[in-house]
2 protein chains.
Amino acid sequence: MIEKVIASLSVPSRREILYLLRDGELTSTAIAEHFEISAPAISQHLKVLQHSGLVAVRKSGTKRYYRIRKEGFKDLKAFIDQFWDDSLIRLKEAAEEEERRNNEP
Amino acid sequence: MIEKVIASLSVPSRREILYLLRDGELTSTAIAEHFEISAPAISQHLKVLQHSGLVAVRKSGTKRYYRIRKEGFKDLKAFIDQFWDDSLIRLKEAAEEEERRNNEP
DNA sequence: TTTTAAATTAAGTTGACACTTAATTAAGTG
DNA sequence: CACTTAATTAAGTGTCAACTTAATTTAAAA
């Protein structure tokens, strides 16, 4: 799923949609009002965000309320943390830095 | 920079390169051996990863040793954490869930 | 100084995808 | 039942970037 999650986030408009949804759920139209691009474009973005698991939707009459789906970020967070706070990396880095200092005085 | 970081991560080959570099620095050729795509393609990926700040390079003779640049992940991590553990979101979610239960019995 | 090795730059091709407008579905409301 | 509102699906277009092969740079070895 991380594939789809990252692809979702790679488009500025979609990140902007996520920012908007941080303050609570919004309808497709309400979201579209914040953009210059067309309503269908927003709709397409929302579909991508749903398929990647980053947003969820709730229907009520003709309206559809979109909201952040927190768990959708889980895998990506884990991916990043591998590089961010993996102690193995820190050890490797330190060892190599040490070696560099020794070999190129 | 988050723009470039996410773009970097959106390509499977580049994520694979990062995985390889977790175990320590590697030359361009050593990296290329793990892939089916051409050496120039790898070189281009490495350039993208450098420009996004996710990898750094060290020259020694004709060889170039690439390594993870941990700090490069910082901004993206912060971005994700906004959605992952922002207490405001949790409160909003809880409030809305509550409201949903009340309005649609 | 020729040759080899390591890696890149150059140039061109192709497929994906973020848009657009137009048409369609679905659910109220007069 | 028309009409409106909310949102989507359909279909087509243009751009961009991930590849390719060929050529070039740079440093070391023979």
Side-chain angles (χ1 to χ4, degrees), chain A residues 1-21 24-69 100 103-104, chain B residues 1-21 24-69 100 103-104:
Chain A
M1 205 62 150
I2 194 174
E3 179 65 43
K4 285 184 178 174
V5 169
I6 296 178
S8 284
L9 296 177
S10 72
V11 175
S13 296
R14 286 200 287 259
R15 288 200 300 277
E16 202 59 45
I17 290 174
L18 291 174
Y19 275 131
L20 289 174
L21 293 179
E25 45 176 34
L26 289 174
T27 62
S28 187
T29 318
I31 293 170
E33 281 167 0
H34 288 82
F35 291 88
E36 306 226 314
I37 60 179
S38 66
I42 297 297
S43 185
Q44 286 154 23
H45 283 316
L46 287 169
K47 178 172 281 180
V48 172
L49 287 167
Q50 277 182 86
H51 286 145
S52 68
L54 294 182
V55 312
V57 67
R58 167 176 74 93
K59 284 180 69 172
S60 174
T62 63
K63 296 183 178 178
R64 298 190 192 183
Y65 292 90
Y66 289 90
R67 64 178 183 277
I68 295 286
R69 195 171 157 278
R100 252 168 273 148
N103 294 348
E104 302 173 7
Chain B
M1 205 62 151
I2 193 174
E3 179 66 42
K4 286 184 178 176
V5 170
I6 296 176
S8 284
L9 296 178
S10 72
V11 175
S13 296
R14 287 201 285 261
R15 288 200 301 277
E16 202 58 44
I17 289 175
L18 291 173
Y19 275 130
L20 289 175
L21 294 178
E25 44 177 34
L26 288 175
T27 63
S28 186
T29 317
I31 294 169
E33 282 168 0
H34 289 81
F35 291 88
E36 305 224 317
I37 61 181
S38 67
I42 297 297
S43 186
Q44 286 154 21
H45 284 315
L46 287 169
K47 179 172 279 178
V48 172
L49 287 167
Q50 276 183 85
H51 285 145
S52 68
L54 295 182
V55 311
V57 66
R58 165 177 75 93
K59 284 180 67 173
S60 174
T62 62
K63 295 183 177 178
R64 299 191 191 183
Y65 292 91
Y66 289 91
R67 65 178 182 276
I68 295 287
R69 194 171 157 278
R100 251 168 273 150
N103 294 349
E104 302 173 8

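This one's a predicted model, so the numbers in the text were calculated from it and none came from an experiment. Letters go in sequence order (proteins before strands), and every chain restarts at 1.
- When the side-chain nitrogen and oxygen atoms of B:S28 are compared with OP1 and OP2 of C:dT8, one or more of them lie within a distance under 4.0 Å.
- Rounded to an integer number of Å, the gap from A:L9 CG to C:dC17 C1' is 16 Å.
- Between the OG1 atom in A:T27 and the CZ atom in A:R58 there is a gap of 10.5 Å [rounded to 0.5 Å].
- The side chain of B:Y65 places no N or O atom within less than 4.0 Å of a non-bridging phosphate oxygen (OP1 or OP2) of C:dA6.
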Heteroatom pairs (N/O) under 3.5 angstrom, protein to nucleotides 24-30 of chain D:
none

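- In terms of modelled atom types and a separation under 3.5 Å, the side chain of A:R69 and the main chain of A:G53 share a donor-acceptor contact.
- Listed by first and then second residue, the ring-ring contact (aromatic ring centres under 6.0 Å, His included) pairs involving residues 1-21 of chain A are A:Y19-B:F79 (not counting sequence neighbours).
- Of the residues in residues 30-43 of chain A, those placing a heavy atom less than 4.0 Å from an atom of DNA chain C are A:I37, A:S38, A:P40, A:A41, in numerical order.
- The side chain of A:Y66 contributes no N or O atom lying less than 4.0 Å from OP1 or OP2 of D:dA6.
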Donor-acceptor pairs under 3.5 angstrom involving side-chain atoms of residues 32-42 of chain A: please list them, not counting sequence neighbours.
residue, atom, partner, partner atom, Å
A:H34, ND1, A:A30, O, 3.1
A:S38, OG, A:A41, N, 3.4

Would you list the atom pairs, donor with acceptor, under 3.5 Å between side chains in residues 1-13 of chain B and any protein atom, with sequence neighbours excluded?
residue, atom, partner, partner atom, Å
B:E3, OE1, A:R15, NH2, 2.4
B:S8, OG, B:K4, O, 3.0
B:S8, OG, B:S52, OG, 2.8
B:S10, OG, B:A7, O, 2.8

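- Against DNA chain D, the stretch residues 44-51 of chain A makes heavy-atom approaches under 4.0 Å through A:Q44, A:K47.
- Of the candidate nucleotides D:dA6, C:dA18, D:dA18, D:dA18 has the atom nearest to the side chain of B:R14.
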